[in-house]
*Asks:* 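Here's a structure for you.
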Amino acid sequence: MSDRSPSSRPTPPAESAPHRAGFACFVGRPNAGKSTLTNALVGTKVAITSNRPQTTRHTVRGIVHRPDAQLVLVDTPGLHKPRTLLGERLNDVVRTTWAEVDVIGFCLPADQKIGPGDRFIAKELATLRRTPKVAIVTKTDLVDSQALAEQLVAVDRLGKELGIEWAEIVPVSATAGTQVGLLADLLVPLLPEGPALYPDGDLTDEPEQVMVAELIREAALEGVRDELPHSIAVVVEEMLPREGRPADRPLLDIHANLFIERPSQKGIVIGPGGSRLKEVGTKSRKHIEALLGTPVFLDIHVKVAKDWQRDPKQLRRLGF
Ligand SMILES: Nc1nc2c(ncn2[C@@H]2O[C@H](COP(=O)(O)OP(=O)(O)OP(=O)(O)O)[C@@H](O)[C@H]2O)c(=O)[nH]1
Ligand SMILES: [Mg+2]
């Protein structure tokens, strides 16, 4: 299905290639580097990332604009064996997304042996016969060329074993920026022909309120240990321009609730004398101001939503 010309021939003039537009979805186990790759392709932070598994909790669309194509990247939560109702919901989201996209990018970290988690996903991908699948070996900066070569062979073998025909196998490093452009070049020909789906310049279709909540959650994830990352949820309750400000010195008031699951977690999030919460506020405010292009007054309240990951009513309230 590829319309790429062989590399020996000069690239045809742009007007001869049809414009393409469509959706590519990155899947992979938690922590595989899906969100980091999405951000690298879009060229800006549309999805939060962290070194904790299960950072992404809903699908985030990042939009890549090119003269020849519009590539909409759908970043999904990492697919995993669910232990909570939240986990089940996240997996449902991922599977629904698979059915809707034009191409799937299966992310496998270069620095980790293909394991049961990857196989679990690959087996499911094998059942989606029609959708082209690209295997993406991520985090190549973490391994030497020998280890990378072995991983590429292992990915090829995994495909053969499960009857998946990879449209491409691409090694990339999102943090070093290696082969990120090439990946876009390889995904575009797999999209259907058609006009752009989103207005020029839009980088995501995430509502601002959600982006802001995610930036706060990202800052809160930093430095907390053990199970706490999974317990944190953030909801922005209100975003309002401060009244009575001069036009050249606006201020946006943002009120957010940071939920945890148990009263005992409150102290960890707030820190001695409120130091941790203050840090979370300072860090996320910088990102929020960059995102919105306006000075911000950020007010974060820590609240307990008892066992929200397992409670359907609470999940609904928190937007899942
Ligand atoms: N060295 C290196 N680290 C990377 C690269 N890509 C991602 N990481 C790191 O890997 C960790 C996980 O990255 P994410 O992008 O949050 O992973 P994810 O697949 O979106 O994870 P979930 O949302 O939890 O499913 C973060 O600490 C990233 O900084 C890369 O190319 N090189
Ligand atoms: Mg993610």
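Order of appearance sets the numbers: ligands from 1, and atoms from 1 within every ligand. Index from 1, following the sequence. Keep in mind the model is a prediction, meaning the values are calculated, not measured.
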*Asks:* With a 4.0 Å cut-off on heavy atoms, does T138 reach ligand 1?
*Replies:* no

*Asks:* In terms of atom number and element, which parts of ligand 1 are under 4.0 angstrom from non-hydrogen atoms of G78?
*Replies:* 25 (O)

*Asks:* Considering only non-hydrogen protein atoms, determine which one is nearest to atom 10 (O) of ligand 1 and report residue, atom name and distance to 0.1 Å.
*Replies:* K139 NZ, 2.9 Å

*Asks:* Which bit of L142 gets closer than 4.0 Å to ligand 1, counting heavy atoms only: side chain, backbone, both or neither?
*Replies:* side chain

*Asks:* Flag the pair K313 / R316 as yes when at least one side-chain heavy-atom distance between them is below 4.5 Å, and no otherwise.
*Replies:* yes

*Asks:* Would you call H80 and N91 a side-chain contact if the rule is heavy atoms closer than 4.5 Å?
*Replies:* yes

*Asks:* Counting only heavy atoms closer than 4.0 Å, does ligand 1 sit against the backbone of A176, its side chain, both, or neither?
*Replies:* neither

*Asks:* Is any side-chain N of the basic residue among D205 and R61 closer than 4.0 Å to the acidic one's carboxylate O?
*Replies:* yes

*Asks:* Would you mind running through ligand 1 and noting each atom that sits below 4.0 Å from a heavy atom of G33?
*Replies:* 7 (C), 13 (O), 14 (P), 15 (O), 17 (O), 18 (P), 19 (O)

*Asks:* Side chain or backbone, does T140 bring an N or O within less than 3.5 Å of an N or O on ligand 1?
*Replies:* no

*Asks:* I need the nearest protein heavy-atom contact for atom 31 (O) of ligand 1: residue, atom name and distance, please.
*Replies:* A174 N, 2.9 Å

*Asks:* Heavy-atom contacts under 4.0 Å between D141 and ligand 1: side chain, backbone, both, or neither?
*Replies:* side chain

*Asks:* Might you work through the salt bridge (charged side-chain N to carboxylate O under 4.0 Å, His left out) test for K34 and D75, ending with a clear yes or no?
*Replies:* CA-CA 7 Å; K34 301 175 293 295; D75 179 28; 5.8 Å; no

*Asks:* State plainly whether the residues E161 and R119 are in salt-bridge range, i.e. N to O under 4.0 Å.
*Replies:* yes

*Asks:* Select one of side chain, backbone, both or neither to describe which atoms of Q54 lie under 4.0 Å from any atom of ligand 1, heavy atoms only.
*Replies:* backbone

*Asks:* Considering only the protein, which heavy-atom contact is closest to atom 25 (O) of ligand 1, and what is its distance?
*Replies:* K34 NZ, 2.9 Å

*Asks:* Select one of side chain, backbone, both or neither to describe which atoms of S35 lie under 4.0 Å from any atom of ligand 1, heavy atoms only.
*Replies:* both

*Asks:* With heavy-atom distances below 4.0 Å as the criterion, list the atoms of ligand 1 near P53.
*Replies:* 24 (O)

*Asks:* What protein heavy atom sits nearest atom 30 (C) of ligand 1, and how far off is it?
*Replies:* T175 OG1, 3.2 Å

*Asks:* Does any N, O or S atom of S35, backbone or side chain, fall under 2.8 Å from the Mg ion (ligand 2)?
*Replies:* yes

*Asks:* Quick check on contacts: which atoms of ligand 1 are under 4.0 angstrom from a heavy atom of S50?
*Replies:* 11 (C), 12 (C), 13 (O), 16 (O), 26 (C), 27 (O)

*Asks:* Of the listed options (V27, V180, T36), which comes nearest to atom 29 (O) of ligand 1 when hydrogens are ignored and any heavy atom counts?
*Replies:* T36

*Asks:* Give a yes or no on this: more than 12 heavy atoms of other residues, nucleotides or ligands lie within 6.0 Å of atom CZ of R310.
*Replies:* no

*Asks:* Can you tell me if an N/O/S atom from T49 lies under 2.8 Å from the Mg ion (ligand 2)?
*Replies:* no

*Asks:* Note the single closest protein heavy atom to atom 21 (O) of ligand 1, along with its residue, its atom name and the distance in Å.
*Replies:* N31 N, 2.9 Å

